Amino acid sequence: MTPAELKRAAAARAVALVEDGMRLGLGTGSTASVFVELLGERVRSGLSVVGVPTSEATRRAAEAAGIPLTTLDDTPELDLTVDGADEIDPALRLIKGGGGALLREKIVAAASRRMVVIVDGAKRVETLGRFPLPIEVVSFGLGATTRAVAAAIRGAGCDGPLSLRRGADGAPFLTDGGHLILDAGLDRIPDPEALARALVAVPGVVEHGLFIGLATGAVVAEAADGQPRIVTLGAA
Ligand SMILES: O=C[C@H](O)[C@H](O)[C@H](O)COP(=O)(O)O
């Protein structure tokens with residue numbers, strides 16, 4: 001089974017959780033984009049929902065799929081957000097932001113009663129940190145902010161290189177909010193809560209990719225005898 005087939009299986013299972021009239025958060029990334037595509041098929045068959053996209057890319061995909069969109073200004077409380085993740089641990093703690101959408105994703109997840117994560121089995125880890133942790137920062141004061149972030153990371157019992165994310169053209173990657181991303185190669189994050197607290201205390205840090213206490217469930221698609229096997233975690 002390819003990762004793409006597993007992502008599709010997880011997304012298909014999550015689409016079945018959507019009920020008529022729901023207000024949805026629409027995640028970002030390759031797995032969430034399959035969810036948006038499949039949700040669009042249900043909408044075109046008569047399902048009535050509204051969605052808040054977590055990125056400009058998802059906005060474009062949702063519009064193309066015919067999904068009615070709203071904003072958190074008009075719809076400040078959502079019923080369900082479905083989103084991918086870069087890592088998920090047994091406590092449903094996540095690393096997100098590999099695609100740079102972590103800020104809007106976290107705002108949307110926090111506004112949702114439920115957040116269901118859709119991943120292929122390779123994203124499951126015992127300890128978060130193998131995937132570099134994205135940290136969104138403002139460009140003003142980047143040198144000083146980077147030093148302060150490094151100190152916060154060490155203070156939380158972690159260590160590893162910080163690198164400024166760049167696009168394919170070599171220029172610094174800019175998020176939808178116009179910010180920069182530092183990727184922290186930590187390998188292991190023994191205390192994600194402590195690291196999260198330390199990072200948000202640094203002036204210049206806008207958000208980080210640790211999602212703690214936000215996911216209420218997960219749909220994990222694993223390969224078993226050439227077929228996708230769905231494992232659900234939490235309430236999913
Ligand atoms: O910023 C991107 C998001 O957090 C994605 O949900 C995450 O990177 C997972 O993406 P994918 O489903 O493409 O692995």
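Whatever order the structure lists ligands and atoms in, that order sets their numbers, starting from 1. Not measured: the values here are computed from a predicted model. All values below come from the heavy atoms of this structure, side chains included, with hydrogens, waters and symmetry mates left out.
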Asks: At what distance is the nearest protein heavy atom to atom 5 (C) of ligand 1, and which residue and atom is it?
Replies: T28 O, 3.1 Å
Asks: Which protein non-hydrogen atom lies closest to atom 14 (O) of ligand 1, naming both residue and atom, and how far is it?
Replies: K123 NZ, 2.8 Å
Asks: Answer yes or no: is there an ion pair linking D83 with K96, defined by an N-O contact shorter than 4.0 Å?
Replies: yes
Asks: At under 4.0 Å between heavy atoms, is it the side chain or the backbone of V119 that contacts ligand 1, or both, or neither?
Replies: neither
Asks: One residue to check: A85. Relative to ligand 1, which of side chain, backbone, both or neither has a non-hydrogen atom less than 4.0 Å away?
Replies: backbone
Asks: With heavy atoms of D83 as the reference, note each atom of ligand 1 found under 4.0 Å away.
Replies: 6 (O)
Asks: Which is closest to atom 2 (C) of ligand 1 in terms of heavy atoms, A11, A122, G99?
Replies: G99
Asks: For ligand 1, is A32 a contact, meaning one of its heavy atoms is under 4.0 Å away?
Replies: no
Asks: I'd like to check whether A101 has a polar contact with ligand 1, where a contact means an N/O of the residue lying under 3.5 Å from an N/O of the ligand.
Replies: yes
Asks: What do you reckon, does G97 have a nitrogen or oxygen under 3.5 Å from a nitrogen or oxygen of ligand 1?
Replies: yes
Asks: Do the side chains of R59 and E56 get close enough for a salt bridge, i.e. N-O under 4.0 angstrom?
Replies: yes
Asks: How many angstroms lie between atom OG of S112 and atom CE of M22, to the nearest 0.5 angstrom?
Replies: 10.5 Å
Asks: Does D225, at its CG atom, have more than 12 non-hydrogen atoms belonging to other residues, nucleotides or ligands within less than 6.0 Å?
Replies: no
Asks: Any luck finding a side-chain donor-acceptor pair between S30 and S33 under 3.5 Å?
Replies: no
Asks: Between R114 (side chain) and V82 (backbone), is there a donor-acceptor pair under 3.5 Å?
Replies: no
Asks: Please evaluate residues D159 and I153 with respect to the criterion side chain to side chain contact (heavy atoms under 4.5 Å, CB included), reporting the C-alpha separation (whole Å), side-chain torsions for both, the decisive distance (0.1 Å), and the verdict.
Replies: CA-CA 6 Å; D159 201 6; I153 285 172; 5.5 Å; no
Asks: Give me the residue, atom name and distance of the protein heavy atom closest to atom 3 (C) of ligand 1.
Replies: E105 OE2, 2.9 Å
Asks: Nearest to atom 11 (P) of ligand 1, what protein heavy atom do you find, and at what distance?
Replies: S30 OG, 3.3 Å
Asks: Pull out every atom of ligand 1 sitting under 4.0 Å from any heavy atom of G84, numbered as shown with elements.
Replies: 6 (O)
Asks: Examine R165 relative to F173 and say whether NZ or CZ is less than 6.0 Å from the centre of the six-membered ring and inside a 45° cone about the ring axis.
Replies: yes
Asks: Is the shortest heavy-atom distance from the side chain of R13 to the side chain of R8 under 4.5 Å?
Replies: no
Asks: Go through ligand 1 atom by atom and flag the ones less than 4.0 Å from a non-hydrogen atom of T31.
Replies: 11 (P), 12 (O)
Asks: Which heavy atom of the protein is the closest neighbour of atom 8 (O) of ligand 1, given with residue, atom name and distance?
Replies: D86 OD1, 2.7 Å
